[in-house]
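Some notes on the structure that comes next.
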Amino acid sequence: MTKNLKTLIDKLETEHTLTKPEWVTLFDNFDDELRAYAAEKARAVSLREFGNKIYIRGIVEFSNVCKNDCLYCGIRASNSNANRYRLTDDEILSCCDEGYGYGFRTFVLQSGEDHKEYPASRMAEIVRKIKSAHPDCAVTLSLGEMEYDDYRLMREAGADRYLLRHETATKALYQKLHPEAMSFEHRMECLHWLKDLGYQTGAGMMIGAPYQTSDNLADDMLFLREFEPQMIGTGPFLPHKDTPFKDKAKGSYELTLFVLSLCRLMLPDVLLPATTALGTIRPDGREQGVLAGANVIMPNLSPTAVRKKYMLYDGKICTEDSTDKCKNCVQARMKRIGYEVEITRGDHK
Ligand code: 5AD
Ligand code: FES
């Protein structure tokens, strides 16, 4: 069996695509040996594409207010235990200034869907200010679903990239993970708008989300193949105690690493973070992610005082730490496995 499965990994490596039944076979039957086989090939591809250099992006989590109610997420609107906060424009800018000093050349502004307080016009102004203070930096936005004209306004203000995970490419699963008010079609439409507007666009899904099957993951891979995002953000599902999914099992660490390797083999030059969730499920998860083909790490630049409040899932790492601590920590972790953090925007080719 493993021999046939290895043939599928070889095929993915050379043809960069598989059929749906082939994807399902991989997800249903992989074991540690196959995972190691895929990781070794994926690592060779990242070394060829990026050398032993890791790109870093500093995330500023500027508001945890959210109008949405995703069933998995700790900052969902109906979680009345969440202690809500919003950063001012000046606070956001000082996080970026501090990050710049530590070598960050990409700032990711992320929040809940708090568009009343932070409409596109306000975000465009913040982007302009960051760009004029740091013209050599990229700005990534991760603000959820908006309308075409909003995305256009912020793009015209100089935003370079946008992260919007598709969460799942299967409509029926999307509906199990989200309240009725959210539409699978609109999310997909947003992703296409972002790409059309020239954003380097990131999609992605959680691994092991409740109700997710191998068939669903196969659909995710087919979607990613076709959409060809510049970035793929993917990490394990982790339950949060104040959500309807509090008693659901967490996603598989091994499957997450396997998916990272498959993404690297499918889209050799894609920007692929070893996510915070991966570092949360295992202390050396991010290192193992890099060794499985990831090439990006996204440390936190948020003020330490608010970090604990941006709890998407229980146990999130780095919530007691500061920007310099995380930067040094990530640098040391990468060094230990033979990689180097690079001071660069780290654009998609
Ligand atoms: N576990 C893992 N990832 C989560 N996200 C949200 N909630 C969780 C959770 N409980 C991810 C979603 C979202 C991104 C910002 O964080 O995929 O798109
Ligand atoms: Fe934040 Fe290690 S990266 S403490």
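Hydrogens, waters and symmetry mates are skipped; everything else that's a heavy atom, side chains included, is used. First listed ligand is number 1; within each ligand, the first listed atom is number 1.
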Residues 153-160 side chain polar contacts: donor-acceptor under 3.5 Å, at least two apart:
from : atom 1 : to   : atom 2 : distance (Å)
R155 : NE     : L197 : O      : 2.9
R155 : NH1    : A159 : O      : 2.7
R155 : NH2    : G198 : O      : 3.2
E156 : OE2    : R152 : NH1    : 3.2
D160 : OD1    : K131 : NZ     : 3.4
D160 : OD1    : R345 : NH2    : 3.2
D160 : OD2    : K131 : NZ     : 2.7
D160 : OD2    : V139 : N      : 2.8

Only pairs under 3.5 Å count here: list side-chain donor-acceptor contacts from residues 229-238, not counting sequence neighbours, and write none if there are none.
from : atom 1 : to   : atom 2 : distance (Å)
Q230 : OE1    : T201 : N      : 2.8
T234 : OG1    : M205 : O      : 2.7

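With sequence neighbours left out, the ring-ring contact (aromatic ring centres under 6.0 Å, His included) criterion links Y313 to no other residue.
Taking OG from S78 and CG from L71, the interatomic distance works out to 8.0 Å, rounded to the nearest 0.5 Å. For the atom pair CZ of R122 and CG of D114, the computed distance is 8.5 Å after rounding to the nearest 0.5 Å.
At least one donor-acceptor pair under 3.5 Å links the side chain of H115 to the backbone N or O of E145.
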Between ligand 1 and the protein, which N/O pairs fall short of 3.5 Å?
from     : atom 1 : to   : atom 2 : distance (Å)
ligand 1 : 1 (N)  : L238 : N      : 3.0
ligand 1 : 1 (N)  : L238 : O      : 3.2
ligand 1 : 10 (N) : Y72  : O      : 3.0
ligand 1 : 10 (N) : L238 : O      : 2.6
ligand 1 : 10 (N) : L312 : O      : 3.4
ligand 1 : 17 (O) : R165 : NH1    : 2.9
ligand 1 : 17 (O) : E167 : OE1    : 2.7
ligand 1 : 17 (O) : E167 : OE2    : 3.3
ligand 1 : 18 (O) : E167 : OE2    : 2.5

